[in-house]
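Numbers here simply count residues along the sequence, with the first being 1. In listed order, ligands and their atoms are each counted from 1.
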Amino acid sequence: GNKIRNAKLVLLGDVGAGKSSLVLRFVKGQFVEFQESTIGAAFFSQTLAVNDETVKFEIWDTAGQERYHSLAPMYYRGAAAAIVVYDISNQGSFTRAKKWVQELQAQGNQNTVVALAGNKADLVETRQVQIEEAKTYAQENGLFFMETSAKTATNVNDIFYEIARRLLQG
Ligand code: GTP
Ligand code: MG
């Protein structure tokens with residue numbers, strides 16, 4: 001049948017990793033070079049059809065700045081899915097992503113589908129995080145992993161689609 005499934009989704013990750021840019025690409029099909037740093041959090045919604053079902057994502061795009069860290073539990077508690085984002089050209093952002101995964105595993109919901117997004121995949125020339133390193137980390141921690149680019153749109157719809165598919169399966 002034509003069911004609509006609501007799914008709360010949260011994006012977590014370091015300042016500048018590209019959380020807002022991924023959401024803007026997914027929801028509006030746009031990219032801006034000078035995306036402003038998020039204050040607090042921003043809300044978006046977008047539907048995605050998977051076979052004969054529809055997932056309506058209720059997306060919380062959180063702020064990566066450390067001063068907003070204490071707000072994060074409000075957004076990841078009760079989330080059906082989380083995307084932890086890092087920037088492949090910034091090793092520090094990968095370290096921060098691992099901290100978010102730890103926090104989700106310790107404080108979050110066991111059933112949350114967690115995706116790891118290695119964003120800015122277009123920046124191959126300044127890559128600091130190897131694909132294999134991230135893939136291994138994701139496997140060891142039960143996450144699914146994709147490299148994405150909000151700039152070129154590579155794997156952006158795909159990561160949301162894969163989350164939707166897993167939510168409908170589970
Ligand atoms: P906070 O809101 O501060 O936590 O940052 P954020 O994770 O939302 O990052 P944001 O989307 O604001 O992106 C930061 C910068 O990186 C912006 O200047 C974007 O244009 C740029 N950016 C985002 N995604 C990509 C990408 O895939 N490739 C490239 N080259 N730049 C990107
Ligand atoms: Mg942002």
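Within the structure, the closest approach of Asp14 to ligand 1 falls below 4.0 Å when heavy atoms are considered. Not a single heavy atom of Gly13 sits under 4.0 Å from any atom of ligand 1.
Nearest heavy atoms, Leu167 versus Ala81: CD1-CB, 4.5 Å.
Atoms of ligand 1 found under 4.0 Å from any heavy atom of Ser149 (numbered from 1 in listed order, with element): 27 (O). Counting atoms of ligand 1 from 1 in the listed order, those under 4.0 Å from a heavy atom of Gly64 are 1 (P), 4 (O). Residue-ligand proximity, Thr38 to ligand 1, at heavy-atom distances under 4.0 Å covers atoms 1 (P), 2 (O), 3 (O). Each of the following atoms of ligand 1 lies closer than 4.0 Å to a heavy atom of Leu123: 30 (N). Contact atoms of ligand 1 toward Lys19: 1 (P), 4 (O), 5 (O), 6 (P), 7 (O), 8 (O), 9 (O), 11 (O) (distance under 4.0 Å to a heavy atom of the residue).
Residues Tyr75 and Leu11 are members of separate hydrophobic clusters, defined by side-chain heavy-atom contacts under 4.5 angstrom among Ile, Leu, Val, Met, Phe, Trp and Tyr. Side-chain heavy atoms closer than 4.5 Å link hydrophobic residues (I, L, V, M, F, W, Y) into clusters, and following such links, even through other members, never connects Phe57 to Leu24. No continuous path of hydrophobic side-chain contacts links Trp60 to Leu9 [ILVMFWY only; heavy atoms under 4.5 Å]. Hydrophobic cluster membership is shared by Val156 and Phe144, with clusters built from Ile, Leu, Val, Met, Phe, Trp and Tyr side chains linked at under 4.5 angstrom. At a threshold of 4.5 Å between side-chain heavy atoms, the hydrophobic network of Ile, Leu, Val, Met, Phe, Trp and Tyr places Ile83 and Val23 in one connected group.
Contacts with ligand 1 closer than 4.0 Å are made by side-chain heavy atoms of Asp122 only, the backbone lying farther away. Proximity of Ala63 to ligand 1, defined as any heavy-atom pair under 4.0 Å, is confined to the backbone N, CA, C and O atoms.
Any N or O atom pair closer than 3.5 Å counts here, and Phe31 shares no such pair with ligand 1. Here's the thing with Gly16: one of its N/O atoms is less than 3.5 angstrom from an N/O atom of ligand 1. Remark: ligand 1 and Thr148 share no N or O pair separated by less than 3.5 Å (distance only, no angle test). Annotation: Ser21 places an N or O atom under 3.5 Å from an N or O atom of ligand 1; distance criterion only. Residue Phe34 has no nitrogen or oxygen atom sitting less than 3.5 Å from a nitrogen or oxygen atom of ligand 1, judged on distance alone. For the pair Val32 and ligand 1, the shortest N or O to N or O distance falls below 3.5 Å. Between Ser37 and ligand 1, at least one pair of N/O atoms sits closer than 3.5 Å.
With distances taken over non-hydrogen atoms, the option nearest atom 26 (C) of ligand 1 out of Glu33, Glu147, Lys120 is Lys120.
The Mg ion (ligand 2) has Ser20 OG, Thr38 OG1 as protein N, O or S atoms under 2.8 Å away.
Tested against Tyr76, the residues Lys8, Gln107, Glu103 include a single side chain to side chain donor-acceptor pair (under 3.5 Å) partner, Glu103.
Regarding atom 9 (O) of ligand 1, its nearest protein heavy-atom neighbour is Gly18 N, 3.1 Å.
At a cut-off of 3.5 Å, with distance as the only test, a side-chain donor of Asp122 or Ser149 sits close to an acceptor on the other residue.
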